[in-house]
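What follows is a single structure, written as structure tokens, with notes after it.
Order of appearance sets the numbers: ligands from 1, and atoms from 1 within every ligand.
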Amino acid sequence: MSKSHDPWQDAMDHAVAVARKSGEMIREVVQNQDQSSLVQTKSSAVDLVTETDQKVERLIIQSVKSKFPSHRFIGEESVSSGEPCILTSDPTWIIDPIDGTTNFVHRYPFVGVCIGFAVNQQVEWGVVYSAIEDKMFTARRGRGAFCNGRPLQVSTQTDVHRSMVATEFGSDRDPQVVDKIFSSLHKVLSLPVHGVRGAGSAALNMCAVARGSVELYYETGVHVWDIAAASVIVTEAGGVLRDTTGGALDLMSRRIVAANNETIATRIIAELEVYSSERDDRAPDCEPE
Ligand SMILES: O=P(O)(O)O[C@H]1[C@H](O)[C@@H](O)[C@H](O)[C@@H](O)[C@@H]1O
Ligand SMILES: [Mg+2]
């Protein structure tokens, strides 16, 4: 069969297939109730990683390397093992094998297999597979956003007092960071808004914005692999992306606001404490002099 004239579509089709296969692996582990084995920690005692995260990421990367040998990767567990986290202009797969690892360990049913694809440092398409719900969220830049093939559209709500907001408590337990998280949460809740929710997965919170059930999601401390795939799902569903400072989203900054429109985004951003975590693309720690 001749190669399609649209190589990025071939890559996206492969991503959907391998995300679905990864989801089957995740469901099997959850159903066998052995996902709590081999739980390790990373940046903090509550930043978890399991053998399944690592197996899923290896499955995805090895399958891509065989079909697209010249492409690059940014994978959560590869970076955690020392791979660089640098987005060049080359075609790059940005992978979070299990977004919501803590949910996975606790059998809380919101885990997303996230595969984003960037060319010239712009996300071309994104796939987020909510494995336990069996919901495949997809979007291709300029061609719309879908869930299991049905078009997605953000909420039309412009009144912040009638909005639902999502955020997360993250995995940083530094008392000063916890204070900033609760300061923002206090201001947002007191607007008031209808409610605050958190799926336990940045990507699934963003998909909730895309499908119109949440008006805005914000968080500081996320990583590029948490948000890259879902970023194009939000914008192709008609949503907007911002930094918590109000500026343009910077995928490596570890700060994000995903909203249904500029009105809601501006109103909530005015309430947020702006603080920073180390950038994802920071230079590796220099050896001591
Ligand atoms: O589950 P992972 O891939 O580690 O990502 C989550 C992160 O661990 C949490 O700290 C964040 O609050 C979530 O938004 C991420 O989805
Ligand atoms: Mg993640």
Review point. For R211 and S213, what are the C-alpha separation, side-chain angles and deciding distance, and is it a side chain to side chain donor-acceptor pair (under 3.5 Å)?
Key: CA-CA 6 Å; R211 72 171 183 234; S213 48; 2.9 Å; yes
Review point. Is a salt bridge present between R267 and E215, judged by a nitrogen-to-oxygen distance below 4.0 Å?
Key: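 Salt bridge flag = no for E215 with R267.
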Proximity of [X] to ligand 1 by residue part, where a heavy atom lies under 4.0 Å:
X    : result
I98  : backbone
T101 : both
H223 : neither
D99  : both

Practice item. Examine F169 against ligand 1 and note whether any of their N/O atoms are separated by less than 3.5 Å. Key: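 No, no N or O pair falls under 3.5 Å.
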Practice item. Examine G100 against ligand 1 and note whether any of their N/O atoms are separated by less than 3.5 Å. Key: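 Yes, G100 has an N/O under 3.5 Å of an N/O on ligand 1.
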**Study point:** Residue pairs passing the side-chain hydrogen bond (donor to acceptor under 3.5 Å, both in side chains) test where at least one lies in residues 115-143, sequence neighbours excluded
**Key:**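 Every side-chain hydrogen bond (donor to acceptor under 3.5 Å, both in side chains) pair that includes a residue of residues 115-143, provided the two are not neighbours, is D6-R140, D6-R143, Q9-R140, R27-Y129, Q122-R141, E124-R140, E124-R141, Y129-D134, S130-E133.
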Check your understanding: Who's closest to atom 10 (O) of ligand 1 heavy-atom-wise, of A199, G200, P97, S171?
Key ->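 The nearest heavy atom belongs to S171.
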**Study point:** Worked check of side chain to side chain donor-acceptor pair (under 3.5 Å) between S276 and R254
**Key:** CA-CA 7 Å; S276 294; R254 302 196 56 202; over 6 Å; no
Exercise for review: Specify whether the nearest protein heavy atom to atom 7 (C) of ligand 1 is under 4.0 angstrom away.
Suggested key: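 No.
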Review point. Does the side chain to side chain donor-acceptor pair (under 3.5 Å) test come out yes or no for E273 and Y275, once each step is laid out?
Key: CA-CA 6 Å; E273 288 261 346; Y275 60 100; over 6 Å; no
Check your understanding: At the Mg ion (ligand 2), what's the angle from D99 OD1 to D96 OD2, rounded to 10 degrees?
Key ->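 Value returned, to the nearest 10°, is 100°.
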